Amino acid sequence: MLEKPTHFIRTKIAEQIKQGQLDVPVTRFPPEPNGYLHIGHAKSICLNFGLAQEFGGRCHLRFDDTNPAKESQEYIDAIEADVRWLGFQWDALHHASDYFETLYQWAVHLIQHGDAYVDEQSAEAIRATRGTLTEPGVESPYRDRATAENVARFSQMRAGELPDGAAVLRAKISMASPNLNLRDPIIYRIKHVSHPRAGDAWCIYPTYDFAHGQSDAIEGITHSLCTLEFEDHRPLYEWFLKKLPVPSKPKQTEFSRLELEGTVTSKRKLNTLVTEGYVQGWDDPRMPTIAGLRRRGYSPEGIRLFCERIGVTRKPNTIEYQILEGAVRDDLEGRAQKGLAVLDPIRVVVDNWTESPLALEIPWHPKHPEYGSRVAYFGPELWIDRSDFEEDPPEGFFRLTPGGSVRLKYGFIVDHVETIRVDGRIETLIVRYDPATRSGQDQSGRKVKGTIHWVDANTAQRVAIRWYGPLFTVPDPARADELASVINPESLIKRTAWVEPAMAVCQPDAYWQFERLGFFKQDPESTPKHVVYNLTVGLKDQWAKKQS
RNA sequence: UGGGGUGUGGCCAAGUGGUUAAGGCAGCGGGUUUUGAUCCCGCCAUUCGUAGGUUCGAAUCCUACCACCCCAGCCA
């Protein structure tokens with residue numbers, strides 16, 4: 001019913017197709033395998049794969065693996081798994097490293113046409129002569145060496161005759177360009193490092209600028225989508241495509257990257273969190289990585305809904321974290337099995353319960369009978385949550401109070417009789433149940449204001465709960481000087497809960513709602529003997545909001 | 001300071017000279033409800049960074065100014 005919100009890239013593609021300038025779009029998602037994918041990548045994945053899908057085009061997964069010093073097979077595997085988990089399948093899988101030979105030949109082509117030269121200045125000298133934002137750079141003394149000499153030197157670089165840093169290949173553009181990227185950019189450097197895929201075949205590697213556009217061209221990419229910080233690279237991207245005999249002419253289009261309130265999304269900072277032990281790994285449920293969100297219990301559909309809601313523009317933006325949570329709640333609402341769990345128990349004794357425990361058959365979801373049902377027991381001794389009883393209730397409190405009544409969901413209405421304290425702490429509530437008020441067959445006509453959750457103390461099972469809060473104490477941790485100074489010491493609280501027997505079963509793939517509390521998912525560490533639930537996100541709670 | 005961008009309600013975001021400036025999230029009010037959830041309904045920008053100008057008519061065109069973001073890796 002709701003139309004997909006449009007954005008400038010979708011509009012542009014639709015227009016190009018309409019004008020007959022484009023058959024179908026071909027896009028690519030081009031991660032560098034130097035870390036795990038995060039929520040910002042999800043935006044790009046949804047955009048690239050989504051657009052291809054929508055217009056009947058193709059989308060490639062291409063690893064931008066041009067810097068072996070930082071890359072690894074672990075990351076390659078994790079990235080593939082994350083893209084699949086998000087629900088996308090690539091039409092082709094490529095690696096920039098597949099094109100190393102072609103790229104090398106094209107570098108030679110540049111040299112032969114006087115468009116590139118081997119510079120043997122030190123890294124420091126190159127930096128010192130690049131100029132500044134306001135002053136032009138200084139041309140290298142090697143800039144005008146003979147073509148033959150360049151060719152020879154470059155092949156020595158390839159042959160491994162020169163050590164790291166001894167020479168680089170530079171495009172010969174202009175040291176006076178106001179765009180720093182055009183001041184004779186480095187396009188090949190020597191790295192005697194073996195490559196996760198190419199092994200030891202190479203000791204020189206192309207830079208991003210020299211690899212990316214040409215890879216796009218080789219693959220017939222029509223729309224090369226990237227984030228805004230690459231905008232200044234576009235003239236260079238186009239310069240190579242113009243100078244080289246490439247098979248197609250892709251166009252680069254930039255959009256703004258996702259910033260999420262309360263998180264960091266730079267791989268460097270995420271890496272710091274992992275290596276300095278602030279979290280337990282890239283897939284820690286507090287991490288904004290795809291792997292972390294998955295473990296936390298976010299669904300792929302929820303993340304895709306989020307990406308749809310935030311839009312695509314060129315405007316700097318910081319999305320409120322609630323938008324992610326809202327999208328996930330909206331998806332989980334219809335997806336989760338809903339059961340009863342008590343986190344902070346008070347014992348409730350039903351003093352007029354004389355029969356044996358009553359088996360109640362309860363559907364897992366009120367709107368989805370196809371999810372099936374389970375049996376839970378109601379008996380003489382129950383647990384309810386501490387927050388559902390108030391001796392001195394504030395205005396508008398409609399849970400259990402002294403002398404008051406409340407419905408135990410799926411069970412009966414109970415009336416409070418007595419409060420028993422031990423050392424000042426409320427330990428037990430004596431209540432009386434009203435047999436005429438059984439759920440689904442209530443003949444009493446009684447109405448109570450509140451309905452609360454509960455579990456039967458005699459059949460309930462204990463499970464572990466990992467209760468997560470924000471990883472950081474500030475909305476903009478990326479701006480903090482020291483990440484350590486803004487870490488939330490209470491981002492993980494280990495708790496326990498009493499759950500009905502059917503929820504103490506190891507089911508790591510299911511999504512759960514603990515009624516009135518939140519959405520939960522079992523951690524992969526969960527076993528049949530030790531079930532562990534992660535808090536995905538709490539339910540909206542107007543009462544709590546009103547209280548604060 | 002040179003270059004490249006961006007400015008529409010609390011957060012996103014449509015809109016590209018002509019009905020009362022879409023929509024989502026949040027918020028507020030109401031209804032339904034055996035989850036204070038979900039669901040449903042209603043309300044929520046005389047105004048589009050600011051100041052001028054063009055025009056019968058401007059968020060949309062022009063001028064100036066202001067604010068913020070990116071760029072000086074042999075990272076991507």
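Reminder, nothing fancy here: chain letters follow the sequence lines and each chain counts from 1. Because the structure is a prediction, the values reported are computed rather than measured.
Using a cut-off of 4.0 Å between Lys/Arg side-chain N and Asp/Glu carboxylate O, Lys267(A) and Glu32(A) are scored as not salt-bridged. Salt bridge absent: Arg399(A) and Glu390(A) never bring a charged side-chain N and a carboxylate O closer than 4.0 Å. The pair Arg432(A)-Asp415(A) fails the salt-bridge criterion, with no side-chain N (NZ, NE, NH1 or NH2) lying under 4.0 Å from an Asp/Glu carboxylate O. Note on Glu71(A) versus Arg197(A): no salt bridge recorded, every NZ/NE/NH1/NH2 to OD/OE distance being 4.0 Å or above. Note on Arg335(A) versus Asp331(A): salt bridge recorded, some NZ/NE/NH1/NH2 to OD/OE distance being below 4.0 Å. Look at Arg62(A) and Asp216(A) and you find a salt bridge, because one of the NZ, NE, NH1 or NH2 atoms lies within 4.0 Å of a carboxylate O, short of that distance.
Considering only the side chain of Glu320(A), rC11(B) comes nearest among rC11(B), rA76(B), rG4(B). Nearest to the side-chain atoms of Lys367(A) among the listed nucleotides rG4(B), rU38(B), rC12(B) stands rU38(B). Of the candidates rG36(B), rG3(B), rG7(B), rG7(B) carries the atom nearest the Lys315(A) side chain, counting heavy atoms from C-beta on.
Residue contacts for Asp232(A): at a heavy-atom cut-off of 4.0 Å it reaches a base atom on one of the strands shown. Counting non-hydrogen atoms under 4.0 angstrom, Arg62(A) reaches nothing in the nucleic acid. Nucleic acid contact class of Arg407(A) (heavy atoms, under 4.0 Å, all strands): base. Residue Ile323(A) is classed as a base contact, given a heavy-atom separation below 4.0 Å to a base. Nucleic acid contact class of Phe397(A) (heavy atoms, under 4.0 Å, all strands): base. The residue Gly165(A) sits close to a base: some heavy atom pair falls under 4.0 Å. Residue contacts shown for Lys540(A) are limited to sugar-phosphate atoms, with no base heavy atom under 4.0 Å away. Using a 4.0 Å heavy-atom cutoff across all strands shown, Ile310(A) reaches sugar-phosphate atoms only and no base atom. Among the atoms of the strands shown, base atoms are found under 4.0 Å from some heavy atom of Lys338(A). Across all strands, Val537(A) comes closer than 4.0 Å to no nucleic acid atom at all (heavy-atom distances). Residue Ser387(A) is out of contact with every strand shown, counting any heavy-atom pair closer than 4.0 Å. Across all strands, Ser177(A) comes closer than 4.0 Å to no nucleic acid atom at all (heavy-atom distances). Looking at heavy-atom distances under 4.0 Å, Gln513(A) makes contact with a base. Nucleic acid contact class of Phe398(A) (heavy atoms, under 4.0 Å, all strands): base.
The aromatic rings of Tyr36(A) and Trp282(A) lie parallel to each other, their planes meeting at an angle below 30°, with 60° marking the opposite boundary. Between Phe389(A) and His416(A), the ring-plane angle classifies as parallel under the 30° and 60° cut-offs. His365(A) and His368(A) have perpendicular rings, their planes meeting at more than 60° on a 0 to 90° scale where under 30° would count as parallel.
Nearest-nucleotide positions on RNA chain B place Asn181(A) closer to the 5' end than the other of Asn181(A) and Phe230(A). Along RNA chain B, the nucleotide nearest Arg314(A) and the nucleotide nearest Phe519(A) are compared for position; the residue whose nucleotide lies closer to the 5' end is Arg314(A).
Using atom P as the reference point in both rA64(B) and rG4(B), the two lie 15 Å apart (nearest Å).
Put simply, Thr132(A) has no side-chain N or O that comes within less than 4.0 Å of OP1 or OP2 on rA72(B).
Glu308(A) places no side-chain N or O within 3.5 Å of a backbone atom of Arg304(A) that could act as its donor or acceptor partner.
Taking only distance into account, the side chain of His453(A) never meets the base of rA37(B) through a donor-acceptor pair shorter than 3.5 Å. Interface remark: the Arg399(A) side chain does form a donor-acceptor pair with the rG36(B) base, using a distance-only criterion of under 3.5 Å.
Interface residues of residues 27-42 of chain A facing RNA chain B, ordered by number: Glu32(A); criterion, heavy-atom separation under 4.0 Å. Residues from residues 431-448 of chain A that place a heavy atom under 4.0 Å from any atom of RNA chain B, listed by number: Arg438(A), Ser439(A), Gly440(A).
Considering only heavy atoms from C-beta on, Val108(A) stays 4.5 Å or farther from Arg158(A) through its side chain.
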Checklist outcome for this item: Applying the Watson-Crick and G-U criteria (both distances under 3.5 angstrom) with [ ] for crossing and | for other-strand pairs, one obtains for RNA chain B .(((((((.[[[..)..(....]]].(((((.......))))).....[[[[[..)....]]]]])))))).....
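Here Tyr208(A) does not pack flat against the base of rA76(B), since the 5.5 angstrom centre distance and 30 degree tilt limits are not both met.
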